[in-house]
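Each remark here refers to the structure printed beneath this line.
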Amino acid sequence: MNEKPMEWMTDCGEGMGHKLGRFASLAGAILMFFYYAFSSMILVLIVAALLGGLCAWMWMHAFIEYEFCYFDGEMDVAAIFNRARRKKKMTIRLDDVEYMVKKIEPGQNTVYFCRKEENGNIYTLSVNAGGKRTAVVMEAIPEFVKVIEMKHKLR
């Protein structure tokens with residue numbers, strides 16, 4: 001195909017629910033540690049440690065960015081946590097894309113690679129890979145939209 005490679009990022013930040021969950025788990029862990037100091041019950045210590053671990057996990061996944069790399073008919077999606085750790089999420093082949101629509105169109109299996117409340121360049125790709133249909137909601141750049149328009153239907 002010999003197309004030019006494209007790369008773009010989507011900044012998702014941190015949602016209010018995530019912030020509240022992190023605050024609640026930290027507050028719960030601190031309260032449980034104080035309760036353990038007075039009661040000396042091992043179960044309270046275990047619950048406090050679990051809440052502390054949950055808070056640490058939520059802290060490590062607080063800020064999320066998605067990186068999209070398109071080259072030669074395939075698009076790789078990677079999540080970058082706290083601007084330090086990268087994890088590959090999925091690879092989409094353009095041959096598996098049935099259509100693309102400029103709105104959020106959730107299906108039975110929906111994967112979000114953007115903020116759900118944004119209205120900018122949000123597109124939904126209907127991907128049928130291996131007989132499993134997945135709706136991929138993402139923020140796309142105009143160059144990628146042109147590639148999809150040339151190869152597939154854009155509704």
Side-chain angles (χ1 to χ4, degrees), residues 5-71 74-94 96-145 148 155:
M6 290 180 253
E7 186 173 335
W8 67 97
M9 307 247 336
T10 300
D11 178 18
C12 288
E14 181 180 20
M16 183 56 76
H18 196 273
K19 289 178 185 176
L20 290 175
R22 194 175 67 216
F23 175 76
S25 64
L26 180 63
I30 291 171
L31 288 174
M32 288 294 196
F33 276 122
F34 279 127
Y35 184 69
Y36 172 74
F38 295 115
S39 68
S40 297
M41 293 175 51
I42 194 70
L43 182 62
V44 174
L45 182 64
I46 292 171
V47 171
L50 288 175
L51 285 173
L54 176 65
C55 180
W57 183 84
M58 291 180 83
W59 197 276
M60 289 188 320
H61 293 81
F63 189 79
I64 300 175
E65 295 173 309
Y66 290 105
E67 179 185 52
F68 303 95
C69 296
Y70 172 75
F71 181 69
E74 287 189 349
M75 182 176 64
D76 293 326
V77 182
I80 302 171
F81 300 104
N82 287 339
R83 297 184 175 127
R85 297 180 309 114
R86 175 185 311 266
K87 182 177 181 184
K88 184 176 178 181
K89 289 296 190 179
M90 72 182 335
T91 299
I92 300 170
R93 296 184 60 225
L94 283 191
D96 297 335
V97 175
E98 293 178 347
Y99 65 88
M100 182 173 175
V101 63
K102 185 178 169 68
K103 65 178 181 178
I104 296 177
E105 190 177 89
Q108 189 174 13
N109 297 325
T110 304
V111 181
Y112 289 91
F113 295 124
C114 64
R115 291 184 187 170
K116 295 179 183 178
E117 60 272 353
E118 280 192 18
N119 296 329
N121 292 328
I122 303 297
Y123 290 87
T124 301
L125 274 74
S126 177
V127 180
N128 190 358
K132 182 179 176 187
R133 179 170 284 147
T134 305
V136 177
V137 180
M138 59 180 270
E139 185 175 345
I141 58 174
E143 292 87 8
F144 180 71
V145 174
I148 292 290
R155 288 202 235 164

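Note that this is a predicted model, so its numbers are computed, not measured.
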Practice task
List the steps, then state whether side-chain contact (heavy atoms from CB on, under 4.5 Å) holds for M90 with F113.
Solution key: CA-CA 11 Å; M90 72 182 335; F113 295 124; 3.5 Å; yes
Atom of [X], atom of [Y] and distance for their closest heavy-atom approach:
| X | Y | result |
| --- | --- | --- |
| A29 | A48 | CB-O, 3.7 Å |
| E139 | F68 | O-CE1, 4.0 Å |
| C114 | I122 | SG-CD1, 3.7 Å |
| L51 | G28 | CD1-C, 3.6 Å |
| M41 | Y36 | O-CD1, 3.0 Å |
| Y66 | V77 | CD2-CG1, 4.5 Å |

Practice task
Could you give me the CA-CA distance, side-chain angles and deciding distance for L26 and R22, then say whether side-chain contact (heavy atoms from CB on, under 4.5 Å) is met?
Solution key: CA-CA 6 Å; L26 180 63; R22 194 175 67 216; 5.8 Å; no
Practice task
Might you confirm whether atom OH of Y35 has over 12 heavy atoms from other residues, nucleotides or ligands at distances under 6.0 Å?
Solution key: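 No - once you tally the heavy atoms of other residues, nucleotides and ligands closer than 6.0 Å, there are 12 at most.
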Problem - Enclosure of F23 CZ (heavy-atom neighbours >12, cutoff 6.0 Å) - result: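 12 or below, so no.
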Exercise for the section: Side-chain contact test, heavy atoms from C-beta onward, threshold under 4.5 Å: evaluate it for V136 versus Y112 and give yes or no. Expected result: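 Answer no - side chains too far apart.
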From [X] atom [atom1] to [Y] atom [atom2], the distance as rounded to the nearest 0.5 Å:
| X | Y | atom1 | atom2 | result |
| --- | --- | --- | --- | --- |
| F144 | L94 | CZ | CG | 5.5 Å |
| M32 | I46 | CE | CD1 | 11.5 Å |
| I141 | Y70 | CD1 | OH | 11.0 Å |
| M75 | D96 | CE | CG | 11.5 Å |

Do any side-chain atoms of residues 125-134 form donor-acceptor pairs under 3.5 angstrom with protein atoms, and if so which ones, sequence neighbours left out?
residue	atom	partner	partner atom	Å
S126	OG	E98	OE1	3.4
N128	ND2	E98	OE2	3.0
R133	NE	E98	OE1	3.2
R133	NH2	E98	OE1	2.9
R133	NH2	E98	OE2	2.9

Problem - Sequence neighbours excluded, every pair satisfying salt bridge (Lys or Arg N to Asp or Glu O under 4.0 Å) that has a member inside residues 32-53 - result: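 Non-adjacent pairs meeting salt bridge (Lys or Arg N to Asp or Glu O under 4.0 Å): zero.
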Problem - Test side-chain contact (heavy atoms from CB on, under 4.5 Å) applied to I80 and K87, R85, E67, the passing residue - result: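 By the side-chain contact (heavy atoms from CB on, under 4.5 Å) criterion, I80 pairs with just one of K87, R85, E67: E67.
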Problem - Donor-acceptor under 3.5 Å (T124 side chain, V137 main chain) - result: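 Checked: no pair found.
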